[in-house]
Amino acid sequence: MASKLHQLRSKAVQASDFVAKHGCAYYKELMEKNKQYIVQPPTIEKCQELSKQLFYTRIASIPGRYESFCKELDGVKHIWRNRNELKVEDAGIAAIFGLELYAWFCVGEIAGRGFTFTGYYV
């Protein structure tokens with residue numbers, strides 16, 4: 001156990017040294033590559049303005065997303081009304097998709113509990 005802790009500590013020191021040596025150059029390269037996305041002057045007020053623009057742009061996109069949701073819902077209703085004509089292959093694909101959704105839900109629950117299978121830490 002102590003040797004693993006020592007290995008982990010030495011890896012952390014190596015990573016810290018690497019960032020200390022190359023972090024500034026990486027930052028400069030990243031900023032140079034993406035300078036078209038940087039708003040001048042980069043002030044707090046400008047950041048707050050961009051935050052408000054993003055928020056209200058997302059609010060403005062709600063009607064379009066609602067319309068898409070209604071179209072999808074109409075498609076599901078149509079399939080449900082014509083379920084007698086549903087093929088076995090389509091039902092199988094839907095069942096597998098549902099199982100995949102459930103599996104991802106379970107993975108999220110396990111991750112949310114801190115990667116324990118038995119429950120939350122109390």
Side-chain angles (χ1 to χ4, degrees):
M1 181 71 173
S3 66
K4 288 190 179 194
L5 184 62
H6 180 68
Q7 289 175 348
L8 182 63
R9 188 174 291 147
S10 67
K11 292 283 185 185
V13 169
Q14 287 175 356
S16 177
D17 291 342
F18 181 81
V19 169
K21 284 182 185 175
H22 305 291
C24 188
Y26 174 75
Y27 174 78
K28 288 179 181 177
E29 179 186 336
L30 183 69
M31 290 296 110
E32 185 62 32
K33 242 190 328 189
N34 296 300
K35 66 182 173 186
Q36 71 269 20
Y37 302 114
I38 299 172
V39 176
Q40 295 296 337
T43 61
I44 292 175
E45 292 81 15
K46 199 64 170 171
C47 289
Q48 289 171 341
E49 179 185 343
L50 290 171
S51 174
K52 283 184 181 179
Q53 286 177 349
L54 176 63
F55 175 75
Y56 288 109
T57 301
R58 298 286 294 172
I59 295 292
S61 71
I62 288 176
R65 289 188 281 153
Y66 179 74
E67 183 179 319
S68 297
F69 172 74
C70 288
K71 285 181 185 177
E72 290 290 330
L73 189 59
D74 288 340
V76 170
K77 287 178 184 177
H78 175 72
I79 290 172
W80 184 254
R81 276 189 232 116
N82 298 326
R83 65 184 176 270
N84 295 334
E85 301 168 9
L86 190 64
K87 297 178 190 172
V88 174
E89 295 91 19
D90 294 336
I93 290 172
I96 290 173
F97 180 72
L99 286 172
E100 183 180 358
L101 285 177
Y102 179 70
W104 281 113
F105 169 78
C106 290
V107 168
E109 284 291 309
I110 292 169
R113 286 191 299 248
F115 297 99
T116 62
F117 291 102
T118 56
Y120 296 97
Y121 294 119
V122 179

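Values below: every heavy atom of this structure, side chains too, minus hydrogens, waters and symmetry copies.
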Worksheet item: Should Leu30 and Tyr27 be counted in the same cluster of Ile, Leu, Val, Met, Phe, Trp and Tyr side chains packed under 4.5 Å apart?
Response: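 Yes; Tyr27 is reachable from Leu30 via cluster members.
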Practice prompt. Please check if Ile62 and Tyr56 belong to a single hydrophobic cluster, counting links between Ile, Leu, Val, Met, Phe, Trp and Tyr side chain heavy atoms closer than 4.5 Å.
Written response: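 Looking at the clustering, Tyr56 is in the same group as Ile62.
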Pairwise distance [atom1]([X]) to [atom2]([Y]) - rounded to 0.5 angstrom:
{"X": "Arg83", "Y": "Leu86", "atom1": "CZ", "atom2": "CG", "answer": "10.0 Å"}
{"X": "Phe97", "Y": "Glu100", "atom1": "CZ", "atom2": "CD", "answer": "6.5 Å"}
{"X": "Cys70", "Y": "Glu67", "atom1": "SG", "atom2": "CD", "answer": "8.0 Å"}
{"X": "Lys35", "Y": "Lys33", "atom1": "NZ", "atom2": "NZ", "answer": "13.0 Å"}
{"X": "Phe55", "Y": "Thr57", "atom1": "CZ", "atom2": "OG1", "answer": "10.5 Å"}

Discussion item. Quiz question: by atom type and distance under 3.5 Å, do the side chains of His78 and Asn82 form a donor-acceptor pair?
Written reply: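 Yes, because at least one side-chain N or O of His78 sits under 3.5 Å from a partner of the opposite role on Asn82.
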Min side-chain heavy-atom separation [X]-[Y] under 4.5 Å:
{"X": "Ile110", "Y": "Thr116", "result": "no"}
{"X": "Asn34", "Y": "Tyr37", "result": "yes"}
{"X": "Lys77", "Y": "Leu73", "result": "yes"}

Worksheet item: So does Glu32 pair up with Lys28, basic N to acidic O under 4.0 Å?
Response: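 Not counted as a salt bridge, because no side-chain N and carboxylate O are separated by less than 4.0 Å.
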Worksheet item: Around atom CD1 of Ile44, are there more than 12 heavy atoms of other residues, nucleotides or ligands at under 6.0 Å?
Response: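 Not buried by this count: 12 neighbours or fewer within 6.0 Å.
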Worksheet entry | Gln40 atom CD, over 12 foreign heavy atoms within 6.0 Å |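 More than 12 within 6.0 Å, yes.
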Worksheet item: Considering all heavy atoms of both residues, which atom of Arg65 and which atom of Arg58 are nearest to each other, and what is their separation?
Response: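 It is NH2-O, 3.2 Å.
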Worksheet item: Does His22 have its ring centroid less than 6.0 Å away from the ring centroid of Tyr26?
Response: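 Judged by ring-centre distance (under 6.0 Å), His22 and Tyr26 do not meet the cut-off.
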Worksheet item: For the side chain of Ser16 and the backbone of Ala12, is there at least one donor-acceptor N/O pair under 3.5 Å apart?
Response: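 Absent.
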Worksheet item: Does anything in residues 42-57 pair up under salt bridge (Lys or Arg N to Asp or Glu O under 4.0 Å), and if so which pairs, sequence neighbours excluded?
Response: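 Counting only pairs at least two positions apart or across chains, the salt bridge (Lys or Arg N to Asp or Glu O under 4.0 Å) contacts touching residues 42-57 are Lys46-Glu49.
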Worksheet item: Who are the side chain to side chain contact (heavy atoms under 4.5 Å, CB included) partners of Phe105, not counting sequence neighbours?
Response: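 Expected list: Tyr102, Glu109.
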